[in-house]
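Remarks on the structure that follows.
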Amino acid sequence: MESPPSSFSTFRSYLRALAQTPSRFAHRAPSVSSSYEELSWVKSRSGSNMHKSLRWYDLIGLGIGGMVGAGVFVTTGRASRLYAGPAILISYAIAGLCALLSAFCYTEFAVHMPVAGGAFSYLRITFGEFAAFLTGANLIMEYVMSNAAVARGFTSYLSAAIGIPTAKWRFTAAALPKGFNEIDLLAVAVVLTVTLIICYSTRESSILNMILTTLHILFIIFVVLMGFWRGDWNNFTRPMNPNSPSGFFPYGPSGVFNGAAMVYFSYIGYDAVSTMAEEVRYPIKDIPIGVTGSVVIVTILYCLMAASMSMLLPYDMIDVEAPFAAAFSGRWEWVSKVIGVGDSFGISTSLLVAMLGQARYMCVIGRSSVVPAWFARVHSKTSTPLNASAFLGIFTAAIALFTDLNILLNLISIGKLFVYYMVANAVIYRRYVVIGITKPWPILSFLCLLTLTSLLFTLSWHFAPSGSSKSFLLGLCIGLATAITLIFRHTVPQVRKPEFWGVPFMPWLPSISIFMNIFLLGSLDGLSYVRFGFFSGLAVLVYVLYSVHASFDAEAEGFLGVKNGEMIRESTESEEDPNHKV
C-alpha cells in the first residue's frame, strides 16, 4: 500500500496541510502514547540502542554532580543574610523535602517506563502530545541557556582560583551590542570538550563525573570542617549589630520559607538523572536508589554547609556575594583559593550532567516525530544520541561565546519548576485514570481546585498585608487544600497500582509537591514569566507550523500507533517492558 504524500513534499502540499491545521491540532494535540509503545517500537526509531551500563552509584554521582554547582555558595549567603538568618539550615531541609517529593514522582515514572525522555515521555503518556511538546521545548531552551551561563561562569571561577582577571580570558567585539560583545573562547572550549565526552561514551562520562564530583565533595567537606573549627556556636543566635533581629529565627517562619524558596534552586538538576533511565542496567532497583539517594545526600551536604557558614559569622555580617570566601579573607586567604578550585569542579560536573540530560530529551522528542527524526538517531558504535548531543552542544557553545552572564540568568529558572508541577499532576492523573475506562473529570477537577487553592495561598503570602487577616487567609488556604485532598482520597478510587515502585501515601505527597511548586513559582520575578511566555509562544508556533503536521504524517505512515487518546485500552500487563530487569 502506497504511503500518503508528506505535508512537506511540496510547497502546495504544505499550504494544504496548513489549511487543515485546526482539525489536525484537535486530532494530534491530545493524542497519547502508551508505556509499552514508548519502550518498544517508538524507542526503535533511534536505530541502535543506548548501552545499559549505569548502576545506582552512577546515578547518585550524576545526581550530586548535577545539583551541587558553584552557585550554592552564593545562594546560601544571600538567603541567610536577607531572609532566614541562622535558620537557613531549616530552609535547606524544607527545600530538600520539596525536592524529594518531586524526585518521588520522577522515580515512579522512570521505574515504570525507563526511557531517555524524562518528563517529556511522562507527560506524553498522560496528557498528550501538545502538553509534552510545550514542556519539552521549554526544558530544552532552559537547558541550553543555563548551560551557556554555567560555561561563562566557569571562566569567572577559574580566574578567581588562579588569580588571573576574567577580562584576560575575554576580548571585546566593538561591532556587537552591549551584553553580547564580550567574546568568551574559554567557555566555548569547555562546552565543546564536554560535548565530545558525552558523544564518545555515557559510561566514560559517568566515570569522569564521579571523579570530579568526589573532588568537589572533598572541597565542600574541607570548607565545612574549617567552618566548624573556626566558628562560634553563639553566632547561631547572636547578631553582630544589636539592633538586628536576634535568635535562631530572626525573621520568623516567613523568613524560613522565603529562604527555602531561594535555596530550592540549588536542588535543580536531579531531573536530568531520570533521562538516563534507558541506560540503567537494573532500573527497578537502581533508579529509586539513584534519584532519591542523590537528593538525600545533597540535602545533608547543604545543611552542613549552612550550619558551617552560620557558625563562621553572625548572619548580619555575611557577604551575600561570596559568603565563604569573605569569611576566610585576610589571614585565611588561601582557603578562598581552595573554594575557587572546588567551584570549578562543581561547574564542570553540573555542565556535564545537564548536557547529558538535554541530549536525551531531544533524542526522545525526535522519536515522537514532533521534531526531525534525525535527532532521534543513536550511534551504533558509541551507543549515544550523537546527533542531538552534537547539535545542542554547538548551539550552547554559540550562545556562550558572546552572551553576557546576567542576560542568560534572567532567561532561566522557571521552566523546570513548571515541569516539576506538571509531573506531580501527571503521577496523580495516571494513578486514577485509565483512558476509555474511567472518567477523567473528577481527577481533573481535583487537580484544578488544588492548583487554584495553592495559587491563592501564594498570592496571599506575597501580597496580602501582614497581620491577623493574612494569617487567617493562609490558614484557610491550607485547610481548603487539605480538605480537597481528603475528600478526593476517600471518594475517588485508584485504578492503577504500580507493580514495582510507586510514590507512597497517594495522593498526599504529590499534592504537597504541587502546592510547593506553585509556591516556589510565585517567588520568581516578572522577567522569568516574560521569558516563559516568550518561549512557550515560540513553542506553540513551531508546533502549529511544523510539529503537528510531522506527527500527523508519521501517524499516517504507521510510525505512531496511537491516533487518539480514546483508542487506548491499557492494562498493567500490556505496558510492562519485556526486558525490564529486576
Side-chain angles (χ1 to χ4, degrees), residues 54-69 72 92-123 126 135 139 213 260-261 263-278 280 283-303 349-350 353-354 356-357 360-361 415-428 430-431 498 500-521:
L54 302 180
R55 292 300 313 274
W56 60 268
Y57 44 84
D58 295 294
L59 299 183
I60 287 179
L62 290 166
I64 296 173
M67 283 183 274
V68 186
V72 63
Y92 266 114
I94 293 172
L97 176 62
C98 296
L100 188 62
L101 296 181
S102 291
F104 281 162
C105 298
Y106 270 83
T107 301
E108 176 168 329
F109 275 114
V111 170
H112 172 71
M113 189 177 64
V115 294
F120 173 83
S121 298
Y122 310 155
L123 295 177
T126 308
T135 53
L139 266 177
T213 297
V263 302
Y264 182 80
F265 296 103
S266 301
Y267 288 92
I268 286 179
Y270 62 83
D271 56 298
V273 179
S274 69
T275 66
M276 312 302 296
E278 195 169 313
V280 176
I284 295 170
K285 288 182 179 179
D286 291 345
I287 292 175
I289 297 174
V291 177
T292 59
S294 62
V295 174
V296 171
I297 292 172
V298 168
T299 301
I300 294 172
L301 281 175
Y302 285 170
C303 289
T349 57
S350 61
V353 175
L356 282 168
R360 279 143 187 81
Y361 272 119
K416 288 189 178 180
L417 280 178
F418 176 71
V419 173
Y420 297 162
Y421 162 77
M422 290 293 292
V423 171
N425 278 273
V427 78
I428 294 176
R430 187 165 175 78
R431 285 281 197 100
F500 301 112
W501 197 96
V503 179
F505 306 110
M506 182 64 70
W508 291 102
L509 295 191
S511 297
I512 296 172
S513 181
I514 290 171
F515 190 94
M516 291 305 301
N517 278 307
I518 291 177
F519 177 75
L520 293 168
L521 282 166

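For this chain, numbers begin at 1 and follow the sequence in order.
Contact check for Asp271 versus Lys416: side-chain heavy atoms found under the 4.5 Å cut-off. Between Tyr264 and Ile94, the closest side-chain pair of non-hydrogen atoms is not below 4.5 Å. Leu59 is listed as a side-chain neighbour of Ile287, based on a closest heavy-atom distance under 4.5 Å. Between Leu100 and Val296 there is a side-chain heavy-atom pair separated by less than 4.5 Å. Side-chain atoms of Tyr270 and Ser102, non-hydrogen and from C-beta on, do get closer than 4.5 Å to each other. The closest side-chain heavy-atom distance from Leu97 to Ile512 is not below 4.5 Å. Looking at Val419 and Tyr106, their side chains come closer than 4.5 Å, going by heavy atoms from C-beta outward. A 4.5 Å side-chain heavy-atom check between Val423 and Phe109 finds at least one atom pair inside the cut-off.
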Steps toward side-chain contact (heavy atoms from CB on, under 4.5 Å) verdict (Met516, Leu101): CA-CA 10 Å; Met516 291 305 301; Leu101 296 181; 5.5 Å; no

One pair to check against side-chain contact (heavy atoms from CB on, under 4.5 Å): Leu356 and Thr275. What are the steps and the verdict? CA-CA 8 Å; Leu356 282 168; Thr275 66; 5.9 Å; no

Mind running side-chain contact (heavy atoms from CB on, under 4.5 Å) on Arg360 and Glu278 for me, showing each step along the way? CA-CA 10 Å; Arg360 279 143 187 81; Glu278 195 169 313; over 6 Å; no

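Between the side chain of Ser513 and the main chain of Leu509, no donor-acceptor pair closer than 3.5 Å is present. Side chain of Tyr267 to backbone of Tyr92: a donor-acceptor contact under 3.5 angstrom is found.
Smallest separation of non-hydrogen atoms from Met67 and Tyr302: O-OH, 3.1 Å. Contact between Val427 and Cys105 at its shortest, heavy atoms only, is CG1-SG, 3.8 Å. When all heavy atoms of Thr349 and Val68 are compared, the pair lying nearest together is OG1-O, 4.3 Å. When all heavy atoms of Leu520 and Ala261 are compared, the pair lying nearest together is CD2-CA, 3.2 Å. The two atoms that bring Leu139 and Ala119 nearest to each other are CD1-CB, 4.3 Å, heavy atoms only. Phe104 approaches Pro504 most closely through the heavy-atom pair CD1-CD, 4.4 Å.
Rounding to the nearest 0.5 Å places CD1 of Ile268 at 12.5 Å from OG of Ser350. Interatomic distance, OG1 of Thr135 versus OH of Tyr420, reported as 13.0 Å (0.5 Å rounding). Atom CG of Leu62 sits about 12.0 Å away from atom OH of Tyr57, to the nearest 0.5 Å. Note: Leu54 CG to Ile60 CD1 = 12.5 Å, rounded to the nearest 0.5 Å.
Evaluation of the salt bridge (charged side-chain N to carboxylate O under 4.0 Å, His left out) rule for Asp286 yields Arg55 as partners, not counting sequence neighbours.
The pair Arg431-Glu108 meets the salt-bridge criterion, since a charged nitrogen lies less than 4.0 angstrom from a carboxylate oxygen.
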